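Just below is one structure, and these are the notes that go with it.
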Amino acid sequence: MKLLFHIRYIPPSITKQLLHSNSFQQRSLLHTCVPLLNKEKLPDKSNSSKKEKFDEQPHMRIESKAAAREKNPYKYMMYHEIYSEKELHSVKITHKKFESWHDRIAYAAVQTMRFFFDTFTGYVHVPIESESDKNKTKHRQRKPMNEKQWLRRIIFLESIAGVPGMVAGMSRHMKSLRTMQRDHGWIHTLLSEAENERMHLLTFLELRNPGWIFRAFVLLGQGVFFNAFFVTYLISPTVCHRFVGFLEEEAVITYTRCLQELDAGRLPIWSKTPAPSIAKSYWKLKDDAMMKDVLLAVRADEATHRQVNHKLADAGPDSPNPFLTREKEERDPPDEKEQDEIDTANKK
């Protein structure tokens, strides 16, 4: 009651000052919000008494979304490698030597998963033989996969491959919040890997739109794999990163076989198919890039993920990110020497 009494009997001079202050705050708030408004909501210049030139004020200049996308449609995305021709063709098939029981468990899990993937997608590898070998084994020759079968295999693979990076990054993010400690630079690397795998999926979806049965199996696979990987990551991050390293080894093998079949003429449609526009923008490919260039870029990405996850498994979850100093725009993909470092199984 006392408060209401005092407010009621405020002198008129003070009331006038308060109203003036409130009007000033409203004008200031409108001024700072103008860049967030659409062009249609901007004040009409012709009817403006103050003749304010809104478009001439740099901090209030509004650019259309279409113009922004035309300049750089993927500017909002996290950093990813852009490869030279030499780097694209220097990717090798490697295999990490088992050093502990963790590695054996991770590799066994990868081979089990690959068995189910191959069975569901109908993946069949028919080695490319010479003419003499073809004559000897003609009765045992299996029919190689066509473009539609390869797309089914790749789309299902990439819909699962984007899970580990996101789960690992989320787990480390939550741990950092829970323990109130820094993460040593892992989160950004893991999330950029997840986004990169998602872009693989979006690229190949430009070539085929799966039906509801296929999407149902993807939903089931993601549900099982997400929860299994999340629980395992809470128990042993090292096993999970080694698992992803071995999984990426298999991905490099798969894309290498696909490229070999493309070069052998087994995929005639893809040999004449231009690269999707999303791939040209994302990997900065040439205007006349073809599907082979897309496959080379995707394989190089998988080789990079293979390198990163094996290194993270070697470093351990409590160590600083060994790639932290390379998280810059000029970061180079792993060269042949770095690939040899993880190709320990083939060393004598």
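Here the structure is a predicted model, which means the values were calculated and not measured. Throughout, numbering of the chain's residues begins at 1 and tracks the sequence. Hydrogens, waters and symmetry mates are skipped; everything else that's a heavy atom, side chains included, is used.
Heavy atoms from other residues, nucleotides or ligands lying under 6.0 Å from NZ of K175 number 12 at most. Heavy atoms of other residues, nucleotides or ligands lying less than 6.0 angstrom from CZ of F117 number more than 12. Residue H184 places its NE2 atom among more than 12 non-hydrogen atoms of other residues, nucleotides or ligands, all under 6.0 Å distant.
The only option from W283, Y282, F156 that meets the ring-ring contact (aromatic ring centres under 6.0 Å, His included) definition with H200 turns out to be W283.
Annotation: side chain of M113 is in contact with side chain of F225 (closest heavy-atom distance under 4.5 Å). Side-chain contact check for K286 versus D293: every heavy-atom pair is 4.5 Å or farther apart.
Looking at D263 and K292, a side-chain N of the basic residue comes within less than 4.0 Å of a carboxylate O on the acidic one, giving a salt bridge. No salt bridge links R306 with E248; every basic N to acidic carboxylate O contact stays at or beyond 4.0 Å. For D103 and K97, the salt-bridge test fails: no basic side-chain N is under 4.0 Å from an acidic carboxylate O.
Within the cation-pi definition used here (under 6.0 Å to the ring centroid, within 45° of the axis), R153 qualifies as a partner of Y123.
Residues that satisfy the side-chain contact (heavy atoms from CB on, under 4.5 Å) test with C258, not counting sequence neighbours, are W150, L267, W270, L295.
Side-chain contacts under 4.5 Å among hydrophobic residues (ILVMFWY), followed directly or transitively, place M290 with no other residue at all.
Two rings, from H173 and W186, have their centers 6.0 Å or more apart.
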